[in-house]
2 protein chains.
Amino acid sequence: MAQSNPPFMSGVPELLLLRLLNEQEMYGYELGRSIKKVTEDAISLGEGVIYPVLHSLERNGSLKSKRKAVGGRNRVYYSLTKKGRDRLEKLHGDWRRIQGGVATAFGGTANA
Amino acid sequence: MAQSNPPFMSGVPELLLLRLLNEQEMYGYELGRSIKKVTEDAISLGEGVIYPVLHSLERNGSLKSKRKAVGGRNRVYYSLTKKGRDRLEKLHGDWRRIQGGVATAFGGTANA
DNA sequence: TGAAATACCTATTAGTTCGAGGTATTCTCG
DNA sequence: CGAGAATACCTCGAACTAATAGGTATTTCA
């Protein structure tokens with residue numbers, strides 16, 4: 001057998017969060033706006049999606065966090081660990097494969 | 001507000017199934033092999049994925065089915081209804097948007 | 001003062017997908 | 001003929017995702 005599939009559509013929120021945090025540390029609320037911006041409004045994630053993903057990513061060691069008080073605000077900044085970078089690469093690879101597969105399926109015989 | 005997001009990861013199996021059935025009627029077992037082929041092995045769906053999706057698609061009126069006995073085999077052929085074609089267009093649009101958003105997010109600042 | 005924005009969080013629900021199983025028939029090959 | 005592979009259908013249960021809808025508290029600004 002060739003290879004087993006990753007859970008399919010799973011992971012876009014996780015993928016994007018890891019992608020952004022790989023560039024620079026950020027906090028949850030900020031990530032929400034940032035995702036809208038870097039996807040040019042194509043994707044927007046609610047806080048109810050962002051925070052749980054952040055927490056589970058931290059739990060499994062992909063992210064580390066530190067609290068900072070900035071201008072009277074209490075923020076939790078996240079950044080990638082080595083494991084997080086590995087995870088990012090893996091998810092990105094999965095994504096490219098699926099994306100490529102879908103593109104091929106739709107490109108094969110041109111349709112509307 | 002701009003627009004609400006479709007459920008994220010959902011829908012690649014459904015999308016591919018609709019895509020294939022839009023070209024020609026097929027039966028479940030056949031669809032499994034066909035998906036592997038048209039995605040050039042990038043994606044393969046187990047029967048435990050295919051049949052439930054087919055059934056739910058038929059339940060909601062996107063697909064219609066007819067039984068045929070072919071060479072002693074009992075097959076259930078599916079084809080798209082109008083509603084199924086609409087559904088395909090919608091899912092395809094969603095997919096393009098998400099795909100574009102991810103591409104932009106990763107393309108914005110080139111990374112490995 | 002009061003509303004909006006910032007900033008965090010959780011719980012519930014709904015939906016998807018996966019793997020593992022199950023049945024039955026037909027085909028192929030020794 | 002007999003055995004096993006392939007065809008062809010199906011369902012169940014577990015695991016996981018993601019969406020909505022809430023909740024708290026502070027700060028900013030009109």
Between [X] ([atom1]) and [N] ([atom2]), how many Å, whole number?
X     : N      : atom1 : atom2 : value
A:D94 : D:dC16 : CG    : P     : 16 Å
B:R33 : D:dT7  : CZ    : C1'   : 8 Å
A:E47 : C:dA5  : CD    : C1'   : 11 Å
A:M26 : C:dA7  : CE    : C1'   : 16 Å
A:K68 : C:dT6  : NZ    : P     : 19 Å
B:I50 : D:dT11 : CD1   : P     : 14 Å
A:E14 : D:dA19 : CD    : C1'   : 17 Å
A:I98 : C:dT16 : CD1   : P     : 17 Å

**Prompt:** Is B:R19 reaching over with its side chain to a backbone N or O of A:A105, donor-acceptor style, under 3.5 angstrom?
**Reply:** yes
With a 4.5 Å cut-off on side-chain heavy atoms, are [Y] and [X] touching?
X     : Y     : answer
B:M26 : B:Y78 : no
A:I98 : B:V12 : yes
B:D86 : B:T81 : no

**Message:** For B:Y77, does the six-membered ring have the charged nitrogen or CZ of B:R67 within the cation-pi criterion, i.e. under 6.0 angstrom from the centroid and within 45° of the normal?
**Reply:** no
**Message:** For a quick check under 3.5 Å, do A:R96 and A:H92 share a side-chain donor-acceptor pair by atom type?
**Reply:** yes
**Fill in**
Residues of residues 51-62 of chain B with a heavy atom under 4.0 Å from any atom of DNA chain C, listed by number, are none
**Item:** Qualifying residues under side chain to side chain contact (heavy atoms under 4.5 Å, CB included), relative to B:S62, sequence neighbours excluded
**Value:** B:L57, B:N60, B:R87
**Prompt:** Should A:E30 and A:K37 count as an ion pair when the cut-off is N to O under 4.0 Å?
**Reply:** no
**Message:** Of the listed nucleotides (D:dC9, C:dC8, C:dT16), which one gets closest to any side-chain atom of A:Y27?
**Reply:** C:dC8
**Message:** Which is more 5' along DNA chain C, the nucleotide nearest A:N74 or the one nearest A:V49? Just name the residue.
**Reply:** A:N74
**Complete:** Taking for A:G48 and for A:R75 the nucleotide of DNA chain C with the nearest heavy atom, the one nearer the 5' end belongs to A:R75
**Request:** Give a yes or no on whether B:K68 atom NZ has more than 12 heavy-atom contacts from other residues, nucleotides or ligands under 6.0 Å away.
**Result:** yes
**Request:** For nucleotides 25-30 of chain D, just jot down a letter per nucleotide in 5' to 3' order: B, S or -, based on protein non-hydrogen atoms under 4.0 Å.
**Result:** -BBS--
**Message:** Tell me whether the side-chain N/O atoms of B:Y29 come closer than 4.0 Å to OP1 or OP2 in D:dT7.
**Reply:** yes
